[in-house]
Amino acid sequence: MSKMVSISAYHTPGVNGRKALGKATPLANSFSLIEYNEYFRFLIMDCPTNSTIPLYLKEFARLNVTDVVRVCEPTYDKERLDAHNVSVHDLPFKDGDVPPQAVIKSWLELVNERIVSAKQKQNEQPAPTTIAVHCVAGLGRAPVLVAVALIEKGTDPLDAIEHVRRKRRGAFNNRQITYLADNYKRSSGSKGAAKLGSAIRQSPLTSGTSPLPTSPSDSDPVSPQTQTAATASGNSKPNSTSSTVSASRALFKKIFGSH
């Protein structure tokens, strides 16, 4: 029975805030690993093609990728991944947009299933179970889904945004940031949250809410107008204390800028 390798074993210094993955690879700066816990993680990446898929498959094997979620139009034959025991899930939605409820529901159900499986197998795997997710450039739709999963875990939305952007610079556009920070409602664990079904309500995503590390990143700042409107809107998520809300907004301004 092999011991699980820490995610840090795959991290060597990269560029632009990204983390290179182990030995030199043409894909090193196209991949961004987002840790969920000690036995499960996400891999945000750009879009493979039939000509580049062999490179991706080599990295998938090393990083223990069990599933690939594509939220854009297909650019490669998924049968090639099936042959390597990697399942492909199509959850497309519009470029630059936020995911519809049906996509979120399917995404969280997949994540929940893999978390349960990963926990059961954590002492048998050479690396944490990994779900890869991609759009075209891996800067909008794919990061949004990962941030949603972190929020469902219990991470504060602004911390989730910052954490993903720290690992993948340029992630999210203004609309997606506003959606995650002000409009997305956790499926359970907070008052007034929308319910997406019993499978999600009873999910392990709502447990183990240890805080994520934070570090400011301003590679793709939100416009001052958007930030002012988001802060002043009445759509902010309810919080336990006004001081928590104030602290979160202050952090948001620090990360993305305001005037």
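Both backbone and side-chain heavy atoms feed into the values below; hydrogens, waters and symmetry mates do not.
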Task: Trace of the side chain to side chain contact (heavy atoms under 4.5 Å, CB included) decision for Val88 with Arg70 - done: CA-CA 7 Å; Val88 177; Arg70 54 185 180 189; 3.6 Å; yes
Is there side-chain contact between [X] and [Y], with heavy atoms separated by less than 4.5 Å?
X	Y	answer
Asn64	Pro128	no
Glu35	His163	yes
His134	Ile44	no
Tyr39	Asn123	no
Asp82	Val86	no

What are the two closest non-hydrogen atoms of [X] and [Y], and how far apart are they?
X	Y	value
Ala147	Ala160	O-CB, 4.1 Å
Pro143	Val164	CB-CG1, 3.9 Å
Leu180	Pro157	O-CB, 3.3 Å
Gly96	Arg175	O-CD, 4.5 Å
Leu139	Arg169	CD2-O, 3.5 Å
Val65	Leu43	CG2-CD2, 4.1 Å

Kindly compute the distance separating [atom1] ([X]) from [atom2] ([Y]), expressed to the nearest 0.5 Å.
X	Y	atom1	atom2	answer
Arg186	Glu152	CZ	CD	7.0 Å
Arg114	Glu109	CZ	CD	12.0 Å
Ser106	Asp90	OG	CG	11.0 Å
Lys153	Asn37	NZ	CG	5.5 Å
Asp182	Leu158	CG	CG	8.0 Å
Phe60	Asp67	CZ	CG	10.5 Å

[X] side chain vs [Y] backbone, donor-acceptor pair below 3.5 Å:
X	Y	answer
Ser117	Glu113	no
Asp46	Gly138	no
Arg141	Asp97	no
Gln176	Asn173	yes
Asn50	Tyr76	no
Asn112	Leu108	yes
Arg41	Leu33	no
Ser30	Met45	no

Task: Verdict with supporting geometry, Leu150 and Ile34, side chain to side chain contact (heavy atoms under 4.5 Å, CB included) - done: CA-CA 10 Å; Leu150 296 178; Ile34 309 292; 4.2 Å; yes
Task: From Asp77, Leu81, Thr75, residue fulfilling side chain to side chain contact (heavy atoms under 4.5 Å, CB included) relative to Ile53 - done: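 Going through the options one by one, the only one that passes is Leu81.
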Task: Candidate pair Phe31 and Tyr56, rule ring pair (Phe, Tyr, Trp, His ring centres under 6.0 Å), full reasoning - done: CA-CA 10 Å; Phe31 282 3; Tyr56 285 79; 5.8 Å; yes
TODO: Answer yes if Val136 and Trp107 sit in the same cluster of Ile, Leu, Val, Met, Phe, Trp and Tyr residues linked by side chain heavy atoms under 4.5 Å apart, and no otherwise.
DONE: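 Per the 4.5 Å side-chain linkage, Val136 and Trp107 are not co-clustered.
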Task: Cys72 and Cys47: CA distance, side-chain angles, deciding distance, side chain to side chain contact (heavy atoms under 4.5 Å, CB included) verdict - done: CA-CA 8 Å; Cys72 57; Cys47 188; 4.1 Å; yes
Task: For Ser51, all residues meeting side chain to side chain contact (heavy atoms under 4.5 Å, CB included), sequence neighbours excluded - done: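 If we apply the side chain to side chain contact (heavy atoms under 4.5 Å, CB included) test to Ser51, skipping adjacent residues, the hits are Thr49.
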TODO: Go through the steps for Ile177 and Arg165 under the test side chain to side chain contact (heavy atoms under 4.5 Å, CB included), then give the verdict.
DONE: CA-CA 11 Å; Ile177 289 172; Arg165 284 173 65 95; 3.9 Å; yes
Task: NZ/NE/NH1/NH2 to OD/OE distance under 4.0 Å, Glu59 and Arg62 - done: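 Salt bridge flag = yes for Arg62 with Glu59.
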Open item on the list: Parallel, tilted or perpendicular, judged at 30° and 60°: which one describes the rings of Phe42 and Tyr36?
Closed with: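 Phe42 and Tyr36: perpendicular rings.
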